[in-house]
Amino acid sequence: MIKVITYGSYDLLHYGHIRLLERAKALGDYLIVGVTSDDYDKTRGKINLQQSLMERVEAVRATGIADEIIIEEYEGQKIDDIRKYDIDIFTVGSDWEGYFDYLRDYCKVVYLPRTEGVSSSEIRDKKASVRLGLVGDAKFINKVWKESKSVNGIHVEALCTNNMDVMDESAKEDLKLITDNYEEFLRSIDAVYIRSLPKYHYENIKKALEEGKHVLCESPMTLNRSECEELLELADSKKLILMEAIKTAYATAYTRLLLLIKAGKIGDVISVDSTCTSIRSRDKEGEWDCIHEWGPTALLPILQILGVNYKHSVISTRFSDGGHDLFSKIDFVYDSGVGSIKIGDGYKSEGELIISGSRGYIYVPAPWWKTDYFEVRFEDQADNKRYFYQLDGEGIRYELVAFARAIERGHFVPDVDRSVTLKMTEIMEQFNKRENMILI
């Protein structure tokens with residue numbers, strides 16, 4: 001029996017895919033199809049896939065061509081698979097001509113002609129792109145514009161700002177509209193990314209939703225819980241996407257870390273310690289306060305791992321003479337654990353994340369919020385394991401991909417649960433009212 005193997009993403013399965021699979025099957029008696037995992041595709045720069053791994057696997061299975069389907073998860077797996085499955089022929093499309101010649105040491109390599117005029121990229125490009133507008137006065141929005149270039153299905157077309165010089169010249173040339181008129185801005189777009197000062201978030205989000213626009217808003221979404229509840233209900237009633245932007249939540253390393261904890265890798269979690277600091281003054285007008293800039297990111301692992309139902313909390317804060325928070329430590333006590341965050345602008349500490357469990361602990365080095373690496377450590381160091389996941393850019397593109405997919409599908413399962421979003425706004429409200437706060 002002649003065994004044949006081939007690989008691909010098979011996103012938005014089309015006639016070209018099917019013809020290639022049929023030709024591959026004709027080369028032998030038994031065809032194994034390797035479907036690349038979401039994580040592996042990210043390492044190859046393919047973050048624009050429209051379908052999940054399981055959707056792509058089911059699409060290949062539905063063709064009835066493959067005798068067996070496997071998942072490709074890492075670089076170098078092709079050699080391992082050829083040996084494991086005793087493969088006679090490796091085949092792939094002719095656009096890879098010569099690239100896989102190194103596999104000739106293990107089996108026969110055949111490059112098959114591709115069907116002209118059809119590809120997943122072309123299908124994605126032909127789909128109507130979401131016209132995205134940016135709101136904000138800080139240089140950070142340049143990063144959003146830049147990373148949007150890596151995302152199919154989204155095109156940044158407009159900017160609403162009170163600082164006309166905030167955008168880089170190359171970005172300005174790419175935009176169709178730059179204005180300080182929010183109503184005019186909303187008429188020109190389908191969806192909006194908001195990074196205005198947090199005190200304006202409620203107003204900006206509500207107006208956008210009322211005008212039928214999808215919203216991706218930097219956390220904190222609002223500065224009190226009741227306003228956040230109102231906006232979420234409004235989005236639901238209008239069947240619009242309202243999504244909180246915390247880029248860490250969409251990073252592969254961070255999501256895998258949560259899965260390991262859920263699977264019991266370090267046993268029962270007793271403590272989560274999260275630190276986010278920088279030496280930067282925010283006393284200037286128009287700057288985000290430290291609690292708003294760093295608070296949501298630092299709070300994220302505590303609220304996602306230990307939950308939102310803590311028994312009580314204590315806030316210790318130092319303010320500047322200008323009234324801006326320079327450093328805060330917030331301690332949370334749960335029925336079965338504790339959590340602590342340290343955030344600072346003007347005081348520096350190691351920006352690490354440590355999650356302590358009954359069997360071991362997870363250590364994420366600084367800057368943990370954009371890590372591509374973490375360690376699981378045990379009493380016996382021989383059992384320690386390191387995990388590496390590629391992070392392109394700062395992770396902004398991953399939340400943009402999630403936003404685009406949610407808009408296309410008309411619904412989404414948020415990486416940041418609504419209970420976490422609401423609790424964050426509650427903590428912001430508590431901080432701003434200086435409840436349970438000790439001044440240091």
Side-chain angles (χ1 to χ4, degrees), residues 1-127 152 252 256 259 263 387-390 401 405 408-409:
M1 181 172 65
I2 298 175
K3 287 187 174 183
V4 182
I5 196 165
T6 189
Y7 297 84
S9 298
Y10 304 103
D11 190 34
L12 302 173
L13 190 80
H14 52 71
Y15 178 69
H17 288 138
I18 295 172
R19 287 291 297 127
L20 203 64
L21 291 173
E22 288 174 340
R23 294 192 195 106
K25 181 66 176 286
L27 293 173
D29 305 302
Y30 191 87
L31 175 64
I32 299 175
V33 177
V35 180
T36 54
S37 70
D38 295 334
D39 290 341
Y40 183 48
D41 275 323
K42 285 180 182 178
T43 68
R44 302 189 303 155
K46 290 191 173 185
I47 68 165
N48 298 324
L49 298 181
Q50 299 295 298
Q51 295 178 296
S52 68
L53 173 61
M54 291 314 299
E55 287 173 323
R56 292 182 284 121
V57 167
E58 288 305 315
V60 172
R61 180 175 289 116
T63 67
I65 301 171
D67 295 292
E68 186 174 348
I69 298 174
I70 61 175
I71 308 302
E72 184 179 23
E73 300 183 273
Y74 58 90
E75 189 172 1
Q77 184 177 330
K78 291 179 177 66
I79 293 175
D80 291 342
D81 289 342
I82 289 169
R83 289 171 167 170
K84 178 180 178 180
Y85 297 103
D86 194 21
I87 298 299
D88 299 291
I89 300 173
F90 167 86
T91 187
V92 72
S94 57
D95 50 335
W96 291 97
E97 186 80 40
Y99 187 86
F100 292 107
D101 285 354
Y102 70 93
L103 294 177
R104 296 187 190 279
D105 292 339
Y106 306 94
C107 67
K108 183 179 179 180
V109 176
V110 177
Y111 297 101
L112 295 170
R114 298 185 70 93
T115 303
E116 294 296 328
V118 60
S119 72
S120 295
S121 295
E122 290 173 350
I123 293 173
R124 286 192 292 264
D125 289 341
K126 288 178 181 177
K127 286 188 171 186
N152 283 333
T252 302
R256 292 299 177 269
L259 289 174
Y387 294 82
F388 299 87
Y389 299 94
Q390 183 166 319
V401 168
R405 286 179 179 172
E408 181 184 356
R409 296 173 182 178

Can you name the nearest heavy-atom pair linking [X] to [Y], along with the distance?
X	Y	value
Tyr389	Thr252	CD2-CG2, 3.5 Å
Leu31	Ala24	CD1-CB, 4.0 Å
Glu73	Gln77	N-OE1, 2.6 Å
Pro113	Ser94	CA-OG, 3.5 Å
Val35	Ser9	CG1-O, 3.9 Å
Ala66	Val60	CB-CG1, 4.3 Å

Quick one, [X] and [Y] - any side-chain contact, counting heavy atoms below 4.5 Å?
X	Y	value
Lys84	Asp80	no
Asp81	Ile32	no
Tyr111	Asp101	yes
Ile87	Tyr106	no
Lys25	Leu21	no
Arg256	Tyr387	no
Ile65	Val33	no

Value rounded to 0.5 Å, distance of [atom1] in [X] from [atom2] in [Y]:
X	Y	atom1	atom2	result
His14	Leu20	NE2	CG	9.5 Å
Asp88	Tyr30	CG	OH	13.0 Å
Asp86	Met1	CG	CE	9.0 Å
Tyr10	Arg61	OH	CZ	13.5 Å
Phe100	Thr91	CZ	OG1	11.0 Å
Glu58	Thr63	CD	OG1	11.0 Å

Among Ile89, Ile2, Thr6, side-chain contact (heavy atoms from CB on, under 4.5 Å) partner for Leu27: Ile89
Arg56 side-chain N/O to Gly8 backbone N/O, donor-acceptor pair under 3.5 Å: no
Does atom OH (Tyr99) have a neighbourhood of more than 12 heavy atoms from anything else shown, all under 6.0 Å? no
So is Lys78 actually on top of Phe90's ring, under 6.0 Å and inside 45° of the axis? no
Under a 4.0 Å N-O cut-off, is there an ion pair linking Arg405 with Glu408? no
